[in-house]
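Below is one structure; the comments refer to it alone.
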Amino acid sequence: MELPAKYSPAEVEDKWYAYWLKNKFFHSEPDEREPYTIVIPPPNVTGILHMGHVLNNTLNDVLVRKARMDGKNACWVPGTDHASIATESKVVAKLKAEGISKEDITREEFLKHAWEWKEKHGGIILSQLRKLGASCDWDRTKFTMDPDLSDAVINTFVYFYRKGYIYRGVRMVNWDPVGLTAVSDEEVIHRDTVSKFYHLRYFISDGKGNPTDKYIIIATTRPETIMADAAVCINPEDERYHWLKGKKILIPLINKEIPIIEDSYVEMGFGTGCLKVTPAHDVNDYEIGIRHNLPVLDIIDDHGRLNEKAQILVGEDRFEARKKIEGMLREAGNLEKVEDYTSPVGYSERTNAVIEPRLSMQWFLKMDALAKDALESVESGKVKLIPDKYRNTYRHWMENVRDWCISRQLWWGQRIPAYYLPDGRFVVEADAGAALKAAKELDPSVTAADLRQDEDVLDTWFSSWLWPISVFDTHKAGHPEAQPNRDLAYYYPTNDLVTGPDILFFWVARMIMAGNEFMHDVPFRNVYLTGIVRDKLGRKMSKTLGNSPDPLDLIAKYGADGVRLGMMLCTSAGNDILFDESQVEQGRNFCNKVWNAFRLMKGWSIDSAAKQPEAAAIAVRWFRNKLDMTVAAVEDHYSKFRISDAIMAIYKLFWDDFCAWYLELVKPAYGSGIDRATYEATEGFFDALLKMIHPFMPFITEELWQNISPRKEGETIMLQRSPAAGEYDIAAVNDFDMACEAVVAIRSLRQQKGLSPKEALTLMVKDGFPMDTIPAVQKLANISSVTKAESFGSVSGVSFMVRTVEMFVPLEGLVDTAEELAKLEAALDYQEKFLASVRKKLSNERFVANAPEQVVAVERKKESDSLSKIESLKAAIAALKA
RNA sequence: GGGAGCAUAGCUCAGUUGGUUCAGAGCGUCUGCCUUACAAGCAGAGGGUCGGGGGUUCGACUCCCUCUGCUCCCACCA
């Protein structure tokens, strides 16, 4: 077989992915084997693949492929999330571009557009995952708004409503004036923002609504809301303002009279000590308003514009109004001064609009009982967080959880199944028919046409928290008493969940709640929390910064295997990843290394008459041990989710041990064939190595595995068993390591002396070297003959130490005696100091008395080793001087 | 304001109950090589008072205190 010197991934990857699909290797059905289940964190249905997805899904794929090769019935369920706000805003934008405003069309028309959009863009990200090699069970692909999954959401709502957990109420919510919906507390991101601090003069009223010449100063960041002020508040302890008690104050510009109230909420040291209370537009002010029974005046509309209740600046955007009112206040003599000011401002996670605190009627889910159980699930270890530092964060959140605002003023999503009677009462039922029946019980005269369904839809997370259940069994969600179907019974709970810490509360915690509620069991055993993918400079990857490479471009350039490996090499749980293209290059290079090792091996012709050379026999014995040793280490890494350590161990095993040492040792002389025993052993090792690499680099390993020896249709490396760790002889590995050290020393010596690798040398060895490895040293260091010696006599040459053994390479005429002497004396000096420190330790009675025996033994070994080295060094120095 | 975490080689990070000749890895750097698998490569080399200070201990990268610097999460300071 003629193979090019460089591996080209493109055709190989498409070919094998198609082969895997055709043979349904990814598909899983319940059987008698142990299941291994992962559900995908569903990407937004209209999303496109970014580096975060690459990280997450590569990890998932590594885990699921490894499980499959461990003989488990592995099932990775893919799917997408309808992402109500994100998708709806995209559809709105698209319609806007076509000249259609959402307000001008009906809900049904809008949803038709939305579904069209979904059909058009919905599959993109899933097909991109195929490019990455993701071994999802595509037959099980789900969408959070599939009809049956939506039914599960509705049933869940009805269930919690009947349980008394869902209620409706007026609350101060986080209003997103761009998305035109309330968002939950978790969807608000607070960022320090530079703004202005306006110091305003509020004049005291003369009691008839006219200003006196006395005024107080109030500091605010939001002068455009003064028209909604309901009072001015001072701290009752604040003597500076006692004279104000009982007085009335006039709101600037509109001259509205409002009372002075006292509340200890106000901090005397902050601002001027006077607080304007605006119950409709500030959460704290709302609380104060309730305490003091103040009227609520809402002057800002859905879009963040001032409404007619503001009396002035009606129709102006809140930020425009702020600018304009500054001028008006200055003109009216109400503006004392303006300062620069930095304070935390809430932004919508989805639209980045400044959140407007706003009062509105919303639906809520009580969280306290659910959170208590979900906390217990993690505290007890039923769900393990990896890394476990997140337990603290998790606990803190669960202990301070607030009720979940689950309604959204959107159309894209599951519509809340509450039906209003004309008199304002409502019923909650799974469908309109049941609702009518229930409504008739309240009022027999009600007809279907009288009933009006709630306009709002449910928060997206209210569907994705059911994901580990609903992808298998859509009836079970909302019906804790029901028997799970066969799939759910078999696959639930899933094993591992890989996701980002940013959605630990949004999603992970809520899945645990839903799992506990409906399955009486947690939804997964391990939660692997990845970091955020950042660029080399530590900046978050974002479209606006343009610092995020397109994964598909990277795949096209380096191959999916290269991209995967590059990602896996630098991932450790819970740590952010500073991604750089050079890592992918490293991955690509590794592919090429594997490819070329294969080329080398396949290029050999077997000579049946050839006897196995000693060096090859040594190599085979050693590598078998080394392989077993590494398999054990890799298994240990997997068990602790140390994925980058696992691949690094495999990487070094392949590159350093297999290629640099093993292949060089067994490589036959140019022009000759290889003996059968060595060839077969090599092929066996190669097979094992491919299997170890496969979860990380599925494509190239399949390609090469298929070509090691002829395979039948339907055979695949994917379904082979991973190499199992066997017994290994650590002493043999250790002896070989010593041989390698000798080789390195001799090569280094060559470099120093400018000797070509082609020039054979001779070697003299003192007692203590593992002589059975000598043929390996000879082959790799090009040593023509080796003699054991008691002393090296007066031959001219260079001596060096390998651990405690002195070795000597005779080099007539190339030795600078003074230089050698200096080197040896430096080594002696170091060794003597080392010995002194060891002896100091050993002469410390408390050390000998308190330290464990083995630690003391190690020190004694150091002492004797050091003594023998000193002896050798002294002898070598003496010989040089002679 | 509350909570959590981090600081180890030029960069990114390991260091698993305080004890092996333990100060490591990968990348990068430097030197020499187009050696008949691979220059996307081979061979070799250099590089760190483990952030500063103090303490506990026979022994500290590891445990405790403190200082400095950074990050994240939560939170209503107008």
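Naming: A, B, ... by sequence-line order, numbering from 1 per chain. Not measured: the values here are computed from a predicted model. Values below: every heavy atom of this structure, side chains too, minus hydrogens, waters and symmetry copies.
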Students often get this wrong, so: under 4.0 angstrom with heavy atoms, is [X] touching a base, only sugar-phosphate, or nothing?
X: A:Pro357; value: nothing
X: A:Ala660; value: sugar-phosphate
X: A:Trp604; value: nothing
X: A:Lys840; value: nothing
X: A:Asp865; value: base
X: A:Asn592; value: base
X: A:Arg747; value: sugar-phosphate
X: A:Lys652; value: sugar-phosphate
X: A:Lys861; value: nothing
X: A:Tyr341; value: sugar-phosphate
X: A:Val744; value: sugar-phosphate

Basic-acidic side-chain contact under 4.0 Å: A:Arg322, A:Glu224: yes

Between A:Lys196 and A:Glu339 (salt bridge meaning N to carboxylate O under 4.0 Å), is one present in this structure? no

[N] [atom2] sits how many Å from [X] [atom1], rounded?
X: A:Gln854; N: B:C58; atom1: CD; atom2: P; value: 19 Å
X: A:Leu704; N: B:A37; atom1: CG; atom2: C1'; value: 13 Å
X: A:Asn596; N: B:A39; atom1: CG; atom2: P; value: 7 Å
X: A:Met568; N: B:C13; atom1: CE; atom2: P; value: 15 Å
X: A:Trp595; N: B:G41; atom1: CH2; atom2: C1'; value: 17 Å
X: A:Arg222; N: B:C76; atom1: CZ; atom2: P; value: 15 Å
X: A:Phe579; N: B:C27; atom1: CZ; atom2: C1'; value: 14 Å
X: A:Tyr7; N: B:A39; atom1: OH; atom2: P; value: 18 Å

Let's see if you can work this out: which of [options] has an atom nearest to the side-chain heavy atoms of [X]?
X: A:Val858; options: B:G32, B:A45, B:U20; result: B:U20
X: A:Met648; options: B:C27, B:A25, B:A14; result: B:A25
X: A:Gln586; options: B:C58, B:G44, B:C27; result: B:C27
X: A:Lys758; options: B:G32, B:A78, B:U35; result: B:U35
X: A:Lys640; options: B:G19, B:U16, B:G26; result: B:U16
X: A:Asn589; options: B:C74, B:G41, B:G44; result: B:G41
X: A:Phe847; options: B:A37, B:A78, B:G19; result: B:G19
X: A:Thr393; options: B:C58, B:C76, B:C73; result: B:C73
X: A:Val855; options: B:A78, B:A43, B:G19; result: B:G19
X: A:Leu275; options: B:A78, B:A37, B:U12; result: B:A78

By nearest heavy atom, map A:Cys659 and A:Arg402 onto RNA chain B; which one lands nearer the 5' end? A:Cys659

Report the residue (A:Asn850 or A:Ile577) whose heavy-atom-nearest nucleotide on RNA chain B is the more 5′ of the two. A:Ile577

Ring-face cation contact, A:Tyr347 with A:Arg191, 6.0 Å cut, 45° max: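 Checked: cation-pi criterion met.
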
Aromatic ring proximity, centroids under 6.0 angstrom, A:Phe197 and A:His199: yes

Aromatic contact between A:Phe658 and A:Phe685, with the criterion being ring centroids under 6.0 Å apart: yes or no? no

Using atom [atom1] in both nucleotides, what's the gap between [N] and [M] to the nearest angstrom?
N: B:C72; M: B:C30; atom1: P; value: 34 Å
N: B:G15; M: B:A7; atom1: P; value: 10 Å
N: B:C61; M: B:U16; atom1: C1'; value: 14 Å
N: B:C13; M: B:U8; atom1: C1'; value: 9 Å
N: B:A75; M: B:G19; atom1: P; value: 40 Å

Side-chain N or O of [X] closer than 4.0 Å to phosphate OP1/OP2 of [N]:
X: A:Trp655; N: B:C42; result: yes
X: A:Lys841; N: B:G59; result: no
X: A:Tyr198; N: B:A78; result: no
X: A:Tyr651; N: B:C27; result: yes
X: A:Arg599; N: B:G41; result: no
X: A:Lys593; N: B:C42; result: yes

Let's test this: given Watson-Crick or G-U wobble pairing with both distances under 3.5 Å, identify the partner of [N].
N: B:U31; value: B:A43
N: B:C50; value: none
N: B:A4; value: B:U71
N: B:A60; value: none
N: B:C22; value: none

Quickly, which of A:Val594, A:Ile700, A:Asn589 forms a side chain to side chain contact (heavy atoms under 4.5 Å, CB included) with A:Tyr7? Name it, please.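 With A:Tyr7 as partner, A:Val594, A:Ile700, A:Asn589 yield a single side chain to side chain contact (heavy atoms under 4.5 Å, CB included), made by A:Ile700.
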
Base [N] to side chain [X], donor-acceptor N/O within 3.5 Å cut-off:
X: A:Gln583; N: B:U12; result: no
X: A:Glu664; N: B:A43; result: no
X: A:Tyr265; N: B:C77; result: no
X: A:Asn284; N: B:C76; result: yes

Enter the distance from A:Asp657:CG to A:Ile650:CD1 here, rounded to the nearest 0.5 Å.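 Separation between the atoms: 12.5 Å.
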
Spacing of A:Gln751 atom CD and A:Ser756 atom OG [to the nearest 0.5 Å]: 12.0 Å

What orientation do A:Trp655 and A:Phe590 show, parallel under 30°, tilted 30 to 60°, or perpendicular over 60°?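 Plane angle under 30°, so parallel.
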
Taking A:Ile783's backbone N and O only, do any of them form a donor-acceptor pair with A:Gln778's side chain (distance below 3.5 Å, no angle check)? yes

